[in-house]
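Atom set for the values below is all heavy atoms of this structure, side chains included, hydrogens, waters and symmetry mates excluded. Here is how names work: the chains are called A, B, and so on, in the same order as the sequence lines, proteins then strands, and each is numbered from 1.
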Amino acid sequence: MEHQLQIYNTLSRKKEHFKPINPGMVGMYVCGPTVYSDVHLGNCRTFISFDLIYRYLLHLGYKVRYVRNITDAGHLEGDRDEGDDKFAKKAKLEQLEPMEIVQRYTLGFHDVMREFNTLPPSIEPTATGHICEQIEMAKEIIAKGYAYEVNGTVYFDVEKYNKEFPYGQLTNRKLEELLEGTRELGGQDEKKGRLDFALWIKAKPEHIMRWPSPWGWGFPGWHIECSAMSSKYLGDTFDIHGGGMDLQATHHTNEIAQSQACNHKAPVNYWMHTNMLTVNGTRMSKSAGNGFLPGELFTGNHPLLEKGYSPMAVRFFMMQTHYRSTLDFSNEALQASEKGYARLMNAIKLLDNLKTSSTSTSNIQELKKKCYEAMNDDFNAPILVANLFEGARIINSVNDGKENISAEDLQTLKETMHNFVFDVLGLKNESSNTSKDKALQGVMDIILDIRKEAKAKKDFATSDKLRDDLAKNNITIKDTKDGVTWSIQE
RNA sequence: GGUCCUGUGGCCGAGUGGCUAGGCAGAGCUCUGCAAAAGCUUCUACAGCGGUUCGAAUCCGCUCGGGACCUCCA
């Protein structure tokens, strides 16, 4: 496996040469969604970014175990250890059992991921399915002396941990600085330290989601599920852990602390964080209320949207920005991507019908090399896309007879375009194959045949009437030199 | 307030010392019964000021602007 893959590691704040623990194999864990409401586009961006990373690792020939969890238990609403959990709160609103909420939004999440053509992870574990593992881990951390129990709730002792291990390494912060930013403990607090966080939380009488534990009935804390499930399926130390940048400071910092305290090993070699999706320069988030749902994006049914955009146009839009940069949403940018995506796809369709020559006027090997260089440089999809557009330019020029390509180079070009566009970027042709579509195709063939005959007889009145009447029904006819094409305006 | 990121042409967005990605829009051309589309070619840029250097969008400093995290959040 010869490559020079560089990955930006949040731990070192540098790009590092990627070297997996076991040659040829990669263990990757990504923090998945909390399924108490619909995923919005910002959530989707993270999972699409990691889909690109997963796909490229697979393309390089790695055997990848990709674990992405479903958080379906425990998370509290506020920063205090009080209040309802998200599932119970939503359940009251919707008059449903908490697990009904979980089921509904898990299915919705999967639907959306399928629309965006993401590959399913190898394992998709749920927090509620791993309560035993989380309890065992909490017990182990207590046994090692880094956690303590108060009235049925178990807290992680951050200040004690920090004496032996660096607590804030992921955000480059010292404990003293972190302490400054927190409130004083009140009289009612059970915690010993201001930064201490819960591994296990005692359930109040009205709390529906609850499990028995050595400390009584309760539910797991905010961060323990990822530590427990990642070590179960990937080992105490594994290659890549990813998630959104918003998880870096708290969730991932605490994950490291839990695993380190439990196993006395650094859990992860490469920490990867994807950046946020913004709308008008501000982060899209549930609390800010500036999010929209994928379904609204596809249909255009939202005040922020001028029209609907197809899943692949949106995916392509995301691929034109590096995963560590913020991506600002706008109708203008999305429409630009939509057109660019169509241009790329049209070029690929021409690939099968290109005429070959004895020599080539463009350096196809060089193009292929540049594609790999782009992706090896910390998954730089925007550079890859730029190179693929250079490929599209070559294809179009050969098609127009302005450039030549040898049979061998054409084969290389085909492989390169297909590998990177479909396998790595995860794009696909969006033409559907339902029986209705096939019937419509048949009807259109008949109409276009009549129009062709009219044109041959120079009966332009008839041919223009057909074109105009179809246009009134949102069907656009285009006479290209290679024949007639038609498309439906959404 | 603390930690960190960021400011690129009309818009989106790469690039971290010399060779000025790419897409969209604009312009020109080709194709064409007309129309539309498409293809090819092409213009416009590095927030401001100062410094380092033979040379800076790229390194350093300051100023101004934007953002994230520090509380659940991908």
Side-chain angles (χ1 to χ4, degrees), chain A residues 13 30-34 36-37 39-50 71 75-80 83 85-86 168 171-174 176-178 180-183 195 222 242-251 253 273-278 281-288 291 316-317 320-322 324-344 346-347 350 370 374 377 380-390 392-393 395-397 399-400 402-403 455 458-460 463-464 467-468 471 476-482 485 487:
Chain A
R13 290 162 192 282
V30 172
C31 291
T34 304
Y36 65 95
S37 64
V39 286
H40 67 241
L41 196 64
N43 302 122
C44 293
R45 186 188 178 201
T46 295
F47 303 127
I48 291 170
S49 293
F50 281 104
T71 295
H75 279 205
L76 294 170
E77 276 290 316
D79 65 331
R80 313 289 166 85
D85 82 29
K86 287 178 174 173
T171 44
N172 199 24
R173 306 184 69 181
K174 296 199 164 52
E176 300 75 52
E177 297 166 1
L178 288 165
E180 280 173 25
T182 55
R183 71 200 167 88
L195 289 170
W222 313 327
M245 274 185 183
D246 49 344
L247 300 179
Q248 189 177 321
T250 306
H251 183 58
T253 292
H273 290 98
T274 57
N275 217 320
M276 301 291 106
L277 180 73
T278 60
T282 305
R283 175 184 163 195
M284 181 183 283
S285 72
K286 282 165 189 163
S287 46
F316 186 70
F317 169 63
Q320 285 184 290
T321 304
H322 188 84
R324 280 192 290 112
S325 299
T326 54
L327 171 59
D328 196 55
F329 171 87
S330 70
N331 283 283
E332 212 178 356
L334 217 32
Q335 280 161 30
S337 291
E338 196 173 44
K339 288 185 184 173
Y341 173 62
R343 177 173 143 80
L344 192 60
N346 285 335
L350 294 174
K370 281 182 175 172
D377 184 14
N380 199 325
I383 298 277
L384 170 64
V385 169
N387 285 312
L388 294 174
F389 274 114
E390 170 64 11
R393 206 213 90 241
I395 292 167
N396 289 329
S397 294
N399 189 53
D400 288 349
K402 289 174 184 164
E403 288 204 30
K455 281 179 73 174
K458 303 228 184 271
D459 177 8
F460 296 123
S463 69
D464 287 354
R467 184 173 65 198
D468 294 345
T476 306
I477 301 278
K478 292 170 194 166
D479 294 315
T480 73
K481 68 181 171 193
D482 298 319
T485 66
S487 59

Can you check the distance between [N] and [M], where both ends of the measurement are the [atom1] atom (answer in whole Å)?
{"N": "U71(B)", "M": "C12(B)", "atom1": "C1'", "result": "33 Å"}
{"N": "A74(B)", "M": "G51(B)", "atom1": "P", "result": "48 Å"}
{"N": "G9(B)", "M": "A45(B)", "atom1": "C1'", "result": "4 Å"}
{"N": "A35(B)", "M": "C31(B)", "atom1": "P", "result": "14 Å"}
{"N": "A25(B)", "M": "A57(B)", "atom1": "P", "result": "30 Å"}
{"N": "G55(B)", "M": "G18(B)", "atom1": "C1'", "result": "6 Å"}

Ignoring hydrogens, what is the shortest heavy-atom contact between [X] and [Y]? Give both atom names and the distance.
{"X": "G42(A)", "Y": "L277(A)", "answer": "N-CD2, 3.7 Å"}
{"X": "Q248(A)", "Y": "T253(A)", "answer": "O-OG1, 3.1 Å"}
{"X": "N380(A)", "Y": "H322(A)", "answer": "CA-ND1, 3.7 Å"}
{"X": "M276(A)", "Y": "R45(A)", "answer": "O-NH1, 3.0 Å"}
{"X": "F317(A)", "Y": "F329(A)", "answer": "CZ-CA, 4.2 Å"}
{"X": "L388(A)", "Y": "L344(A)", "answer": "O-CD1, 3.7 Å"}

Please report the distance, rounded to the nearest Å, between [atom1] in [X] and [atom2] in [N].
{"X": "L327(A)", "N": "A68(B)", "atom1": "CG", "atom2": "P", "value": "15 Å"}
{"X": "N387(A)", "N": "G23(B)", "atom1": "CG", "atom2": "P", "value": "11 Å"}
{"X": "L334(A)", "N": "G23(B)", "atom1": "CG", "atom2": "C1'", "value": "13 Å"}

Partner lookup for [N], please. Criteria are Watson-Crick or G-U wobble with both distances under 3.5 angstrom; report none if nothing qualifies.
{"N": "U32(B)", "result": "none"}
{"N": "C4(B)", "result": "G67(B)"}
{"N": "U20(B)", "result": "none"}
{"N": "A27(B)", "result": "U41(B)"}

Using a heavy-atom cut-off of under 4.0 Å over every strand shown, decide if [X] touches base, sugar-phosphate, or nothing.
{"X": "G32(A)", "answer": "sugar-phosphate"}
{"X": "G243(A)", "answer": "sugar-phosphate"}
{"X": "D328(A)", "answer": "sugar-phosphate"}
{"X": "H273(A)", "answer": "nothing"}
{"X": "T278(A)", "answer": "nothing"}
{"X": "T274(A)", "answer": "nothing"}
{"X": "A333(A)", "answer": "sugar-phosphate"}

Among the nucleotides [options], which one has an atom lying closest to any side-chain atom of [X]?
{"X": "Q320(A)", "options": "C4(B), A21(B), G23(B)", "value": "G23(B)"}
{"X": "E332(A)", "options": "G33(B), C11(B), A74(B)", "value": "C11(B)"}
{"X": "M276(A)", "options": "A14(B), C12(B), A74(B)", "value": "A74(B)"}
{"X": "A386(A)", "options": "G33(B), G13(B), A21(B)", "value": "A21(B)"}
{"X": "T46(A)", "options": "C24(B), A21(B), A74(B)", "value": "A74(B)"}

Worksheet entry | N/O donor-acceptor pair under 3.5 Å between N43(A) side chain and H40(A) backbone | yes

Worksheet entry | D459(A) side chain vs K455(A) backbone, donor-acceptor pair below 3.5 Å | no

Discussion item. Both D246(A) and D377(A) contact RNA chain B. Which one's nearest nucleotide lies toward the 5' end?
Written reply: D377(A)

Worksheet item: Closer to the 5' end of RNA chain B via nearest nucleotide, is it F389(A) or L277(A)?
Response: F389(A)

Fill in: Positive for side chain to side chain contact (heavy atoms under 4.5 Å, CB included) with T321(A), one of V385(A), N275(A), D328(A), L327(A)
L327(A)

Fill in: Side-chain ion pair, R343(A) and E338(A), N-O less than 4.0 Å
no

Fill in: Below 4.0 Å: OP1/OP2 of G15(B) and any side-chain N or O of N380(A)
yes

Worksheet item: Given A74(B), is OP1 or OP2 found less than 4.0 Å from the side-chain N or O atoms of T34(A)?
Response: yes

Below 3.5 Å is the cut-off: list the nitrogen or oxygen pairs between protein and nucleotides 6-8 of chain B, distance only.
none

Worksheet entry | Value rounded to 0.5 Å, distance of CD in E403(A) from CD1 in I395(A) | 11.0 Å

Practice prompt. Between protein and nucleotides 34-42 of chain B, map the contacts as a letter string: B base, S sugar-phosphate only, - none, heavy atoms under 4.0 Å, written 5' to 3'.
Written response: BBBS-SSS-

